Amino acid sequence: MATELPKAYDSKAAQEKWLTFWEGKGYFHSEPDPEKKKYPNGPYTIVIPPPNVTGALHMGHALNNTLQDVLIRWKRMQGFNALWMPGTDHAGIATQSVVERLVLAQEKKTRHDLGRDELVKRIWDWKDKYEARILGQLREIGASCDWKRTRFTLDPVCARAVRETFFRMFRDGYIYRGKRLVNWDTHLQTSVADDETYTEDTKSGFWTFKYPVDGMPDTFISFSTTRPETMLGDTAVCVHPTDERYKALVGKLVLQPHTGRKIPIIADGQLADPELGTGCVKVTPAHDPNDYACWQRHPEIGIINILNPDGTINEAGGEYKGLDRYKAREAVTEKMKELGLYVDKSERIVPMPFSDRSKTPIEPFLSDQWFVKMSDREDGKPGLAQMSMDAVTSGKVKFFPERYARSYLDWLGEKRDWCISRQLWWGHRIPVWSRPVQDQDGYKASRARFMLEPEIRTAHEQGRLEFEYQGERASTQPESRTAPGRATAVVSTTSNFIHVCIAGDDAALVSKLSSLGFTQSDDVLDTWFSSALWPHSTLGWPGPALPEERADRTAPDWERDRYYYPTSTLVTSRDIITLWVARMVLTGLYNVGDIPFHHVYITPKVLDGFGEGMSKTKGNGVDPLDIIDLYGTDAMRYGMVKLATETQDAKLPVSNICPHCGKEVAVKQEHMYMRTKKLTCPECKKEFRPGGPWQTDDPDRPTAKQGSDRFEEGRNFANKMWNATRFLLMNLEGYAAGPVNIAELPTEDRWLLSRLATTTKAVTAALDGYKFSDVARLLYDFVWSEFCDWYIEMSKGRLKDAAARPTAQRVLAGVLDGILRLVHPLMPFVSESLWQALNETAPERGLPSPAKAEESAAIAAWPSYPDAWISADVEARFARMQELVRGVREIRNRYQVDDKTKLDVAVKCSAAVAAEFNALAAFIGPLAGIATLTAGPDTAKPKQAGGLVKPDFEAYVSLAGLIDAAAEMKRLEKQITDKRKALDGTRSKLANEKFVNSAPAEVVQQQRDLLADIEKQIATLEENLKDLQSA
RNA sequence: GGGCGUUUAACUCAGCGGUUAGAGUGCCUCCCUUACAAGGAGGAAGUCGGGGGUUCGAGUCCCUCAACGCCCACCA
C-alpha cells in the first residue's frame, strides 16, 4: 500500500527539498551540444535581465522571473538544451548613491572624504552582500537558472567584452568625443543624474529686456527671461516662423550689448511660442536644454559657455569674468538699465531643479562626454540605429505583444547619439588615455611625435591601439559645421586633446602612455553599455575562456558557447525597451553580426491596489517573500502567471496581516506611501507597522506581512492537486500498468481523454504565443472542474467494481501523470512532490501505453496526445449529461429535498431539467458514476444512492402540492418570459434575408438549432406550468 | 504636448464580429459524504464608461467625449 500523503500540501517543506534535489542532479546546468547528440532540438536560451544589486527582489522581479522559469522549464521538458543564464547588474548610479548615502549616514563622510578606491571597495562589499541575497531570492522562487554560469556586469568576462566593444567602436569611428548639457552641481562640482535632482517651485524674477536691431535705428526686439546673466552667452534671438510681428526681422542681426557681439534673429517653430510673452526668446545654447536643442537645429549660430565649474563667469563673459552667476545677474541687469534696454520685471513661480545632495540649484552645463554615433554612415550604409531598426522591421526580432515594436522603432528612429560617459566611480572605467596637445603646431606634429615611440607604433600597427583628435575623425558634432564668418568661437576648456584607446588590458602600453603624460579618463561607462552586451558577453564573447575564471564555474568560452547565440527569448519590462533592448540588438549586430534574441516578450506591470505603479519612493511595494511565506511559492508563481495577460497591467490589492492575531486589515492608500507608520488592529487592538519595503525593523512594533487574496486561487489549486493525488494513491491497490484501448473505454473515460488532449494542445499553443494567463486558466479548469469535480467523482463507483477498477486506475494514473507534466513549469514544487509520490506506487504509467516515468518532473517529457482522442460528439453528450445533473442538484438544493419522491416532483417542475432528462434517458445508462453525482449529502448511505437516475414522470403531478407551488409558478413564468425574448431575437434574425445570405452557413444552422431548442424548452415550461396550476 | 494602454458582477480580471456575456474572490443557502472545509452542491449579482456610427448582427470594429494609468518630451 502506498505511503499516505498528509492531508494538506505543505509548501514550505517541499520548497527546500526539491531545490536541493534538482540542483544535486544538475538538471539546470547546460553544456553545448553542437552535434545534437543529446538534444536534437538544439538550444533554448534565455538570459536573465540582470537585477540591480541595490536591494531586494520586488514583485516585478517575481513576475518577470516566474515567466522566464515557466518558459525554460517547459522547453527543457520539450527536449531542448535549455540554458537560463543568471546574473546581476552593477547599476552605476543607483548602487553608488545607495552606498554613498549609507556612508554619509553611518560615518558622516562624503565620497570625496573616502576617495575613489575606498568608495569602490565599499561598493564591492555591498555588492557581494546584496548579490548573494538577490540570487538567493531568485532561487527561492524556483528559478531553474544554470547557477554555475552566474555573471556580474563588472566581472572580468564582462569587462573584457566591454573593453573590446569600446575599442572596436572607437577604431571604427562610432565613438567620439562631444559636448552635452549635464545637470551641474556647482557646489560639489560634479554632474548629477536626472534622478538625483528634484524640482521645486521657486519664486523668481521674470525680466523683460530688448536688444537693438543692427542697422535699423529705433528698432528693438524684446524678450523675457528668468536668468539675465545668460545673456552673456546668447548667440541668437528666436521667433516663430509664422509670427507676423517679426517676419520682416528674421535674418537681421541684433546687438548683444554686454559683449558687443552681433547675433542673428532666427525663426524656429519648436523653440518660440508666439502666444507666450513677447513671442520672442533669447537663445543660450550652452546653458539651457531647449536652446541647446535649437542650436543643434541651427548650428551656424554657435554656442558659448560662460560658466566655470564653480558657477562663476568665465572669460567669455568679458568684463563680468570672475563674478558669481547671481552677482553677474544683477550686474548684467544693471547694465541693461543703463543702456535703456530694460523693459520691466515681474515675479513668477518657476520650477527649479536642485541637486539632491547639495540642495543647491542645478546649472545646465556644457561638458565633454563620450558618445556612440547612431546616425547613418557617411558611406551611405546603415548606421547602428538603422541596423537595429532593420532587425525588427524585417521580422528577425519579434515583439510580444507586437505593439511594443513601435516604441522601439520610434525611439531608434530619432537616431540620437548615445552618451556613454558618466561622472561616477562605480562602473567600467572608460579605456581612454588623454593628453593635451602640447605643441604649438598642433595635432599633426603631436601625432607624428607620438608615433615615433616604437611601442606605440607597433601597437597601432597590430591594431591594439587607436587614437583620435577632436575634429580630425569623423564627427557629427555641429561645431565642425559651424559656418565660417559668422561664428563665435567654440569655447571649451577640454577640446585640444589626443585621446588614445587601447584594446584589452595591456599594462606595458598603459605605463608607456603614462610616461608620455597620458592619463586615463576618470569617467565610467553608462551602465547600459555593459548590459547591452549581456547576451553575448555572458557567453564569453570575444573568447577564449579567461584563465582567471574560477575553477568551480564553467568558464564561458565564446568558441564553444556561441552555440547558445542568438538566444531565444528575452523577457523584460516595457520601460527598458529603449535603454536596454534596443542596445542589445545594436551591440549584438555590431559585435557578433547577429541578433541577440529572436523574441522579446514584454511583461505586464504590477500595480498597487489603487492602480499606481509600485516604487521604492512611493513605498507601495509588495514583498514577494511575504507572499511566498503566506501562500507558498507555487501559489505565488501561479498568481504571477495568471495576471500575465496580453494587454492588461494588473492591480494587486493587498491587506496587512496583523502580526499579533493574524487578522486581515484592509490597506488604504494612505497606509502606503510611508505616511502611516503605525496601525491598530481592529481585532486585537494591538499596534503594528503596515507591511511594505521598510529598510529596517521598528523596535517598538512588529511589521505586518502583506497578503493578497489573488494568491489564494493558486494555493488552493496546489492543494487540490495534492488531494487528487492523495485520492488516487489511496485507491491504487492492485494497480497493474497496462495499455488501454480507447475504443473500448466507457464514455466518461473517452470524455476525459478528449479533454486532456484538447487541453494539452491548447496549453502548448498558449505557451508558444506567450499567453501565460491562458495557460493557468486552461490548467485550472481542466484539473479542477473536469478531472476532480466530474471524473474523480464518477470514478468512485468504478473503483469499487472489480471489473471496472483496473481500467479506472490506469486512466486516473495516466491522466494525473499528464497533469503533473503540464503543471510543472508553473508550479514546480507541488508537481515534483506528487510526481515523486506517484513514482513510488505507479512508476509505470501513461496513456495509451504505460512506460517508466522519469525520475523527476523537471526532466519529464512534455506531453502530447493523439488528435484522434478529441471527440466533439463525446464531449457534447457529456456536456448534456452535466447539464442534467446540475439541474437535478439545483432542485435538490432549492427545495432542500432529501426524499426521493419529493425530489422527483421538483425535478418534473423544473422544465429545463425535465427536457434534458427525457433527451438523455438513453444515454445515462453507460455512465457508471452518475449516481454519485446526483446524490445528496448522504450518498454514503446506500439506500439513497442512485435514487434519481430513472425518475417516474407519471407520478409527479399528483404530488406537486409537496412543493411551494406559488414560488415555482412564479419562477416558471419568469423563465418563460426570458425564453420568449430569446426566441423573438432568434426568429427575427432568421427572418432577415441578409443574415441568412451573408452569415456563414454554420452560424445560420446554429441559429436554427437554437430556435428549435428554445421552442422545445418553452413548450416544456408551459406544460409544466399548466400541470402545476391544475395540481 | 506626443505615444501607448485601461474602463465588463461588490473586488481582481477573462472574453476582441455570430447561441441566453464568463472565472476566481466576496456574498446567500445547504452539507464536516473516507481525496480535499485551502472542500462539496446550489443560488443571487452585469442597460459590458457616456454618445454617435459601420454591419443582417457590436463588450467585440470606427469616430467622439470622459475618467484613470504608464512611457517619452517639456514647462523662456
Side-chain angles (χ1 to χ4, degrees), chain A residues 5 7-9 199 206 223-227 230 238 271-273 276-278 280-284 288-291 350-351 403-404 406-407 410-411 574-575 577-578 605 607 609-613 631 635 642-643 645-653 708-710 712-731 773-774 777 780-781 785 788-789 792-793 796 886 889-894 896 932-933 935-941 978-979 981-983 985-986 988-989 991-1000 1002-1004 1006-1007 1009-1011 1013-1014:
Chain A
L5 294 173
K7 234 178 157 180
Y9 172 48
T199 45
F206 188 71
F223 54 87
S224 302
T225 180
T226 54
R227 295 161 69 210
T230 63
C238 175
L271 187 65
D273 180 348
L276 265 174
T278 64
C280 174
V281 285
K282 63 198 262 326
V283 187
T284 321
D288 182 281
N290 296 306
D291 295 1
V350 292
R403 78 185 110 96
Y404 291 112
R406 186 168 173 171
S407 331
D410 283 356
W411 185 81
R574 72 175 88 108
D575 44 347
I577 290 174
T578 55
K605 199 179 172 76
L607 308 172
F610 308 98
E612 292 189 41
Y631 306 96
K642 190 73 192 279
L643 64 72
T645 59
E646 180 105 347
T647 53
Q648 291 269 152
D649 294 335
K651 279 186 265 190
L652 189 66
S708 170
D709 57 19
R710 298 209 59 180
E712 285 176 9
E713 186 179 338
R715 178 196 57 185
N716 297 352
F717 185 39
N719 194 51
K720 190 70 176 176
M721 286 187 287
W722 180 269
N723 276 291
T725 307
R726 191 165 166 259
F727 166 81
L728 177 60
L729 293 178
M730 291 166 99
N731 285 283
S773 184
D774 288 355
R777 188 178 42 78
Y780 184 94
D781 287 348
S785 310
C788 293
D789 286 351
I792 287 189
E793 288 311 314
K796 285 178 179 170
R886 287 201 184 101
R889 288 168 173 174
E890 183 189 337
I891 301 297
R892 179 182 286 285
N893 268 294
R894 191 139 38 82
Q896 316 277 313
T932 332
L933 297 176
D938 39 7
T939 317
K941 299 169 196 164
D978 288 351
K979 294 284 175 197
K981 251 184 245 165
L983 186 71
T986 312
S988 66
K989 224 179 233 184
N992 187 328
E993 268 177 50
K994 282 185 185 162
F995 168 70
V996 178
N997 293 335
S998 56
E1002 71 230 44
V1003 174
V1004 178
Q1006 228 172 40
Q1007 290 290 321
D1009 294 346
L1010 178 67
L1011 185 74
D1013 232 40
I1014 302 177

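Bear in mind the structure is a predicted one, so any value in this text is a computation, not a measurement. A, B, ... follow the sequence lines: proteins, then strands. Residue 1 opens every chain.
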Spacing between Lys642(A) atom NZ and rU25(B) atom C1', to the nearest angstrom
10 Å

Touch check for Lys7(A), heavy atoms < 4.0 angstrom, all strands: base, sugar-phosphate only, or nothing?
sugar-phosphate

For rU60(B) versus rA45(B), give the span between their C1' atoms, rounded off to a whole number of Å.
23 Å

Grab the CG-P distance between Leu1011(A) and rG57(B) for me, whole Å please.
19 Å

Minimum-distance nucleotide to Leu1010(A) side chain [options: rU25(B), rG18(B), rU19(B)]
rU19(B)

Would you kindly give the OH-to-P distance between Tyr780(A) and rA14(B), to the nearest whole Å?
17 Å

Base partner of rG1(B), which must satisfy Watson-Crick or wobble distances under 3.5 Å:
rC72(B)

Salt bridge or not between Lys796(A) and Glu793(A)? Use side-chain N to carboxylate O under 4.0 Å.
yes

Rounded to whole Å, the CZ-C1' distance (Arg715(A) to rU25(B)) equals 11 Å

Heavy atoms under 4.0 Å, any strand shown: does Pro1000(A) hit a base, just sugar-phosphate, or nothing?
base

Tell me which nucleotide, if any, is Watson-Crick or G-U wobble paired with rA45(B) when both distances must be under 3.5 Å.
none

Does rG59(B) adopt a syn or an anti glycosidic conformation, taking syn as a chi angle within 90° of 0?
syn

Expressed as a whole number of Å, how far does the P atom of rC61(B) sit from that of rC4(B)?
15 Å

G-U wobble or Watson-Crick pairing nucleotide for rU60(B) (cut-off 3.5 Å, both distances):
none

Polar side-chain atom of Arg715(A) near backbone of Tyr631(A) as donor-acceptor pair, under 3.5 Å:
no

Closest nucleotide among rU12(B), rU20(B), rA35(B) to the Ile1014(A) side chain
rU20(B)

Geometric cation-pi criterion Lys720(A) and Tyr780(A), 6.0 Å radius, 45° cone
no

Over how many whole Å does the gap from Leu607(A) atom CG to rU7(B) atom C1' extend?
14 Å

When every non-hydrogen atom of Ala8(A) is compared with those of Asn719(A), the smallest separation belongs to CA-OD1, 3.5 Å

In whole angstrom, give me the gap between the C1' atoms of rG50(B) and rC11(B).
23 Å

Using a heavy-atom cut-off of 4.0 Å across all strands, would you classify Asn992(A) as base, sugar-phosphate, or nothing?
sugar-phosphate

C1'-based separation of rC13(B) from rG40(B) [nearest Å]:
25 Å

Contact class for Ala650(A) (heavy atom, under 4.0 Å): base, sugar-phosphate, or nothing?
sugar-phosphate

Nearest non-hydrogen partners of Ser407(A) and Thr578(A), listed with the distance
O-CG2, 4.2 Å

Would you mind telling me which of rC56(B), rA35(B), rA14(B) lies closest to the side-chain atoms of Phe995(A)?
rC56(B)

For the side chain of Lys720(A) and the base of rC36(B), is some donor closer than 3.5 Å to an acceptor across the two?
yes

Using Watson-Crick geometry (N1-N3 plus N6-O4 or O6-N4) or G-U wobble (N1-O2, O6-N3), each under 3.5 Å, rA67(B) is paired with rU6(B)

Applying side chain to side chain contact (heavy atoms under 4.5 Å, CB included) to Thr284(A) and Arg227(A), what does each step give before you reach the verdict?
CA-CA 10 Å; Thr284(A) 321; Arg227(A) 295 161 69 210; over 6 Å; no

From Thr986(A) OG1 over to Gln1006(A) CD, what is the distance, rounded to the nearest 0.5 angstrom?
11.0 Å

To the side chain of Glu713(A), which of rG24(B), rU12(B), rC70(B) is closest?
rG24(B)

Looking at rA35(B), rU25(B), rC56(B), which one has an atom nearest to any side-chain atom of Glu712(A)?
rU25(B)

Looking at the side chain of Asp789(A), which of rU20(B), rG18(B), rA41(B) is the nearest nucleotide?
rA41(B)

Remember a base hit wins even if backbone is also touched, and classify Thr225(A) as base, sugar-phosphate or nothing at under 4.0 Å, heavy atoms.
sugar-phosphate

Scanning all shown strands, the Watson-Crick or wobble mate of rG39(B) with both distances under 3.5 Å is rC31(B)

Base, sugar-phosphate, or nothing: which does Ile577(A) touch, judged by heavy atoms less than 4.0 Å apart?
nothing

Test Lys989(A) against Leu1011(A) for side chain to side chain contact (heavy atoms under 4.5 Å, CB included), laying out the working first.
CA-CA 10 Å; Lys989(A) 224 179 233 184; Leu1011(A) 185 74; over 6 Å; no

Less than 4.0 angstrom between a side-chain N/O of Arg574(A) and OP1 or OP2 of rC4(B), yes or no?
no

Under 4.0 angstrom between Lys796(A) side-chain N/O and rA35(B) OP1 or OP2
yes

Between rA35(B), rC13(B), rG5(B), which one does the side chain of Arg403(A) approach most closely?
rG5(B)

With respect to the side chain of Lys989(A), which nucleotide from rG24(B), rA35(B), rG18(B) is positioned closest?
rG18(B)

Just call it for Tyr404(A): base, sugar-phosphate, or nothing, with non-hydrogen atoms closer than 4.0 Å on any strand.
nothing

Nucleotide nearest Cys788(A) (side chain, heavy atoms from C-beta), chosen from rC4(B), rG24(B), rA35(B)
rA35(B)

Please tell me if Lys605(A) has a side-chain N or O lying less than 4.0 Å from either OP1 or OP2 of rC70(B).
no

OP1 or OP2 of rG39(B) versus the side-chain N and O atoms of Asn716(A): is any pair under 4.0 Å?
yes

From CG of Asp649(A) over to C1' of rA14(B), roughly how many Å is that when rounded to an integer?
16 Å

Could you tell me whether the phosphate oxygens of rA14(B), OP1 or OP2, come under 4.0 Å of any side-chain nitrogen or oxygen in Thr645(A)?
yes

Let's see if you can work this out: which of rC13(B), rA35(B), rG18(B) has an atom nearest to the side-chain heavy atoms of Arg710(A)?
rC13(B)

